[in-house]
Amino acid sequence: MKRVFSTMIAVVALCLISFSAQAQSDDDVQRNDYLIIVANSADKADNEKVLADMKKQFKDAGLYYDESEKQYYVYIEKYYSKSGADYAVWWHKKENKDLPKVWAKTVPVKAEN
C-alpha cells in the first residue's frame, strides 16, 4: 500500500513539474504574423496609391512600416500561420495575375489596445 501511495505522489509531482515548465516556455516563444505583400518601397506616397487601389479589391489591405529596413509594405491579407500564408501566396499568384508581386513577410505580433 505504501508503494502504491508513494508511486501516486511521484506521478502527481512529475505532472505538476511538467505543467509549470510548459507554462514558462510559452512566454519565451516569439509570435509572428505573416503579411501577404504586393508592393514595397521607401516612398510612403507611392505605397498609399497602391493601397488605395488594393482596398477596392481586398478589404483587409493595409500599410506596414518596417523601421529596421526603412520600407513601407502594402499588404492585402494577414495570416497567423506560415502554412496559411504559403498557401495564400500560391493562390494569389495563380488566381490574381494582375497583382504586381506577391510574397509573404514575417512580422512580429504587435500588441493592440
Side-chain angles (χ1 to χ4, degrees):
M1 186 71 174
K2 285 184 180 181
R3 188 174 191 154
V4 172
F5 184 69
S6 63
T7 304
M8 286 178 28
I9 289 177
V11 169
V12 168
L14 286 174
C15 289
L16 290 174
I17 290 170
S18 68
F19 285 133
S20 67
Q22 183 180 14
Q24 291 171 353
S25 64
D26 285 347
D27 294 337
D28 298 336
V29 174
Q30 180 179 354
R31 306 212 189 305
N32 292 320
D33 283 340
Y34 301 88
L35 302 177
I36 308 304
I37 304 295
V38 294
N40 69 302
S41 73
D43 186 14
K44 185 176 182 179
D46 286 344
N47 284 320
E48 286 177 341
K49 290 176 189 174
V50 174
L51 177 61
D53 291 339
M54 291 296 120
K55 280 276 193 189
K56 296 173 188 171
Q57 190 175 0
F58 302 97
K59 66 178 181 174
D60 295 333
L63 194 62
Y64 174 79
Y65 181 69
D66 189 341
E67 290 185 21
S68 65
E69 297 178 13
K70 301 201 182 321
Q71 290 273 319
Y72 290 92
Y73 295 89
V74 177
Y75 65 90
I76 55 175
E77 295 174 340
K78 182 190 294 187
Y79 286 86
Y80 305 106
S81 71
K82 183 168 178 9
S83 60
D86 290 342
Y87 179 79
V89 168
W90 172 82
W91 189 86
H92 283 296
K93 284 182 177 179
K94 180 180 172 213
E95 297 295 324
N96 296 318
K97 296 186 187 298
D98 59 326
L99 292 175
K101 58 183 168 182
V102 180
W103 55 281
K105 177 169 178 57
T106 305
V107 296
V109 173
K110 290 186 179 180
E112 295 181 12
N113 298 357

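Along the sequence shown, residues carry numbers from 1. What you see is a predicted model; the values in this text were computed from it and never measured.
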Axial cation check for Y73 ring with K105, 6.0 Å and 45° limits: yes

Any side-chain heavy-atom pair from [X] and [Y] closer than 4.5 angstrom?
| X | Y | value |
| --- | --- | --- |
| V74 | N40 | no |
| N96 | Q57 | yes |
| L63 | N47 | yes |

Return the [atom1] to [atom2] distance between [X] and [Y], rounded to the nearest 0.5 Å.
| X | Y | atom1 | atom2 | result |
| --- | --- | --- | --- | --- |
| I36 | W91 | CD1 | CH2 | 11.5 Å |
| E77 | K59 | CD | NZ | 10.0 Å |
| S81 | D33 | OG | CG | 10.0 Å |
| K78 | Y64 | NZ | OH | 10.0 Å |
| K93 | W103 | NZ | CH2 | 11.0 Å |
| D46 | K49 | CG | NZ | 5.5 Å |

Same cluster or not: are [X] and [Y] linked, directly or through other Ile, Leu, Val, Met, Phe, Trp or Tyr residues, by side-chain heavy atoms under 4.5 angstrom apart?
| X | Y | answer |
| --- | --- | --- |
| L51 | V102 | yes |
| L35 | M54 | no |
| F58 | V89 | yes |
| V50 | L99 | yes |
| Y75 | Y79 | no |

Aromatic ring pairing Y72/Y65, orientation class (parallel under 30°, perpendicular over 60°, tilted between): tilted

Backbone N/O of A61 and side chain of K55: donor-acceptor pair under 3.5 Å: yes

